[in-house]
Amino acid sequence: MKINPFLDIVPFHNISEPIIIAGPCSAETREQTLATAHLLKDSGVTIFRAGLWKPRTMPGNFEGVGYKGLKWLDEVKRETGMMVATEVATPDHVAAAIDAGLDIIWIGARTVTNPFAVQEISDELTKHNDITVLVKNPVNPDIDLWTGAILRVYNSGVKRIGAIHRGFGTYGNKIYRNSPQWHIPIELHRRFPNLPLLCDPSHMGGKKQYIPTLSQYALDMGFNGLFIESHCDPGSALSDKEQQVTPCELNSIINSLIIRSLNDDYTDINILREQIDQCDDELLELMNRRMSICNEIGKLKKDKKLQVVQTDRYDTILQKMTTQAGKMGLSADFIKKLMTIIHEESVRNQIKILNEQS
Ligand code: PEP
Ligand code: MN
């Protein structure tokens, strides 16, 4: 998508500082919801989150208190003055949340994977578009599915929209519950710079000890805010207990974040950026030269009826390059990935040559 369709979206926050949205994974009881909210309010949080309808991967897990929690959120709003937010997954949730006076709703990762569900929610939003809607990334790393969901919401007439990066589902051994794949939200930010982008380090990390590092990383990359799970007594939480911090812990995480400016003096950086641009030009020229040589080899392989992929040769190149990279202080893993991509492209070009009519 080339044109930024979100040019007239309106910020839902003070753009000069990171937005912090915090609250429990789930509203469990009135007491737990209000106690958490008051502690967060005392820590300076201005937007409170709590899930009422919990889309759980497995049946039998706590699925939220549902509609009855709406009045607890209304109490939070009246008692603390914080804005209140919850997750919606159906048009009925949207209507009920808006009826209860909620300020912000978000569409969760599982719902965003289903364009029909997002469209139904968006159709409902046409009736009440004076609300802020945040769209989490889909569970799978698909930037177009994410963008499509944001666009559906935007087309409903809602003007206060934001995106939340919560990482992507993967299979097998992993450190983080959901893999960050930072290049995807960064690409979203590049395409739509005026779309507020938040990071949810709680669902990304899956454990509370990862929250500070992931939060700082996100802010360093230009994210506009954080969406963090906080519970007055995480040990007793009915969902996501390992990733929730107490309001007091949240306070110290927020206070230790380094907020970097975008408007510093860039003179020194620009001098270095000119050198980077020069390197990039040289890289392109080198890559072009390398591909031309590969194409020549491709023609010879065609004449001599040789196979395109010669594993021994590929292996020798990989060995040589990763060893030299290591000696130069470059990451061998990075050079291996780079050489793999270059090799794949060379093979693709040579196969094309083999199939060209002579
Ligand atoms: C949540 O924020 O409560 C939630 C369920 O997150 P996600 O949709 O990212 O899994
Ligand atoms: Mn949760």
Correct closest heavy-atom pair for Leu318 and Met339 would be CD2-CB, 3.7 Å
Counting only N and O atoms by type, is there a donor-acceptor contact under 3.5 Å from the side chain of [X] to the main-chain atoms of [Y]?
X: Glu249; Y: Gln244; result: no
X: Thr86; Y: Ala50; result: yes
X: Ser230; Y: Val245; result: yes

Pair Ser179-Thr170, side-chain donor/acceptor within less than 3.5 Å: no
Side-chain donor-acceptor contact under 3.5 Å, Glu87 with His93
no
Begin from the C-alpha positions of Ser236 and Gln32 and carry the test side-chain contact (heavy atoms from CB on, under 4.5 Å) through to its verdict. CA-CA 10 Å; Ser236 70; Gln32 165 258 1; over 6 Å; no
With sequence neighbours left out, the residues meeting salt bridge (Lys or Arg N to Asp or Glu O under 4.0 Å) with Asp220 are Arg260
Applying salt bridge (Lys or Arg N to Asp or Glu O under 4.0 Å) to Asp92 and not counting sequence neighbours gives none
Output for pair (Asp200 CG, Leu214 CG), nearest 0.5 Å, gives 10.0 Å
Per side-chain contact (heavy atoms from CB on, under 4.5 Å), Pro212 is matched among Leu257, Ile254, Ile253 by Ile253
Ring pair (Phe, Tyr, Trp, His ring centres under 6.0 Å) pairs touching residues 296-321, sequence neighbours excluded, are Tyr314-His343
Same apolar cluster: Met321 and Val347, side chain cutoff 4.5 Å: no
On the six-membered ring of Tyr176, is Lys207 placed so that its NZ or CZ lies under 6.0 angstrom from the centre and within 45° of the ring axis? no
Salt-bridge test for Asp130 and Arg160: reply yes if a basic N is under 4.0 Å from a carboxylate O, no otherwise. yes
